[in-house]
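Both counts, for ligands and for their atoms, begin at 1 and track the order of listing.
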Amino acid sequence: MIGGGQLARMTHQAAIALGQSLRVLAETPSDPAAQVCADVVLGSHHNLDDLRRAAHGSHAVTFDHEGVPTEHLLALQSEGVTVNPPPQALVYAQDKLAMRRRLTQLGAPVPEFVEVTAVADVEAFWAQVDGQVVLKAIRGGYDGRGVWLPRTLDEALTVAAEQLDAGVPLLAERRVALARELSAMVARSPFGQGATWPVVETVQRHGQCAVVIAPAPGLADAAAGRAEALALELSRELGVVGVMAVELFETADGELIVNELAMRPHNSGHWSMDGCVTSQFEQHLRAVLDYPLGDTAARAPVTVMANILGAEVAPEMPLDERLHHLMARMPDAKVHLYGKDERPDRKVGHVNIVGGPIGDPGGASDGSAFADYVAAVRERAERAAHWMATAEWTDGWNEHGME
Ligand code: ADP
């Protein structure tokens with residue numbers, strides 16, 4: 001796996017159970033995956049020789065991020081290395097303009113967009129969409145970096161000028177009036193098998209994912225079916241091998257619009273580690289290595305994942321002591337830590353709460369009992385993650401039992 005982040009770390013966990021071993025190309029020995037894998041190649045994903053050292057002799061090469069230059073992957077392919085997802089597919093997760101164009105060709109719903117090669121393009125597009133403009137770096141953005149939501153035309157022109165001057169290729173797209181964000185995850189194997197997970201709701205804070213609710217509460221069966229069918233179709237049409245997340249916007253009138261594609265395990269699939277028969281990490285390996293795919297059924301009516309996001313100021317209480325207290329208070333909380341130093345807003349782990357069996361979820365005819373149940377599971381997941389990040393209980397609970 002190219003990249004030694006938390007996705008590689010958790011993929012390694014799944015590889016162990018399959019009797020496989022994961023080699024990682026990591027930048028430093030302290031990368032999350034390098035800390036736990038026995039087979040670590042230190043180097044850069046920008047360097048073809050480093051990539052070769054990691055890739056040669058493997059059954060297949062796959063990724064923890066989208067940063068590897070396409071020309072290097074084509075070189076590896078020409079040397080006989082199996083690259084999954086293949087670079088011909090991966091480019092649609094690396095290049096937002098190529099993705100928008102290809103999805104338009106396929107008839108998939110995307111926001112109106114335009115390539116920005118000069119500041120004047122932004123001015124024209126601003127008029128075209130009544131100022132509802134989002135600017136995006138075509139490559140290299142993640143967790144909201146490389147995305148700008150300008151409030152005025154002046155601001156839009158300034159951002160565009162700065163970025164173009166710095167050599168950053170840009171696109172502009174219509175700002176969607178979104179009701180919420182969803183993610184449809186799918187896996188596809190070289191054999192052509194495809195499997196989707198239930199569609200989830202992703203809650204963003206400060207431009208990055210904070211909470212995932214699985215399945216997305218209140219999503220009509222027909223809409224969920226459409227989203228899963230779209231994910232399957234895109235994975236097939238683009239030739240994806242492995243796991244893909246299709247990030248979606250849901251508008252107020254229930255329309256679904258594709259925001260982004262990620263061709264790797266994804267934050268919106270972390271709930272599957274505890275909430276599904278087959279986790280996204282195991283499924284990614286099954287797909288990349290061409291095993292039959294696993295059952296993607298949920299184990300509970302709802303599972304909520306909350307990211308542990310580094311606090312503004314890291315608490316004095318050590319992380320391990322926070323873990324100790326969390327375990328004492330919430331024995332069902334499933335914690336996954338990434339071995340990363342805490343920094344403001346940095347993803348250092350996540351907590352999954354798998355909802356318990358419910359006696360009679362359909363008891364209230366208007367569905368409010370089920371909504372309360374989902375809200376309670378979410379509240380517990382967020383409380384646990386907030387505690388882990390800040391050493392503060394959102395409900396003022398005192399872990400030493402004193403007033
Ligand atoms: P990244 O690649 O950094 O994840 P995204 O393209 O997913 O960037 O954008 C980050 C966030 O910005 C999205 O989750 C969404 O909240 C907001 N956003 C992006 N594009 C649009 C859009 N066209 N309309 C409205 N909000 C958007």
Fill in: Pick from Glu181, Gln208, Glu66, Gln204: the one approaching atom 15 (C) of ligand 1 most closely through a non-hydrogen atom
Glu181
Worksheet item: Quick one: which of Glu247, Lys136, Arg145 has a heavy atom closest to atom 20 (N) of ligand 1?
Response: Lys136
Discussion item. Applying side-chain hydrogen bond (donor to acceptor under 3.5 Å, both in side chains) as the test, list every pair that has at least one member in residues 215-241; sequence neighbours left out.
Written reply: Thr196-Glu228
Fill in: Contacting atoms of ligand 1, where contact means under 4.0 angstrom from a heavy atom of Arg174
22 (C), 23 (N), 24 (N)
Discussion item. Tell me which one of Val176, Leu178, Leu256 satisfies side-chain contact (heavy atoms from CB on, under 4.5 Å) with Glu250.
Written reply: Leu256
Worksheet entry | Within the 6.0 Å centroid threshold, strictly below: His270 and Phe281 | yes
Discussion item. Keeping Arg188 on the side-chain end and Val241 on the backbone end, is there a donor-acceptor pair under 3.5 Å?
Written reply: no
Discussion item. Can you confirm, on distance only, whether ligand 1 has an N/O atom lying under 3.5 Å from any N/O atom belonging to Lys96?
Written reply: yes
Practice prompt. For side chain to side chain contact (heavy atoms under 4.5 Å, CB included), just list the numbers for Tyr92 and Met263, CA-CA rounded to whole Å, side-chain angles, deciding distance to a tenth of an Å, and then say yes or no.
Written response: CA-CA 9 Å; Tyr92 300 112; Met263 292 180 199; 4.1 Å; yes
Practice prompt. For Glu255, check side-chain hydrogen bond (donor to acceptor under 3.5 Å, both in side chains) against everything at least two apart and list the hits.
Written response: none
Practice prompt. Could you list which atoms of ligand 1 come closer than 4.0 Å to a heavy atom of Leu178?
Written response: 25 (C), 26 (N)
Worksheet item: What part of Val176 sits under 4.0 Å from ligand 1 if we count only heavy atoms: the side chain, the backbone, both or neither?
Response: both
Item to complete: Pull out every atom of ligand 1 sitting under 4.0 Å from any heavy atom of Glu173, numbered as shown with elements.
Response: 20 (N), 21 (C), 22 (C), 23 (N)
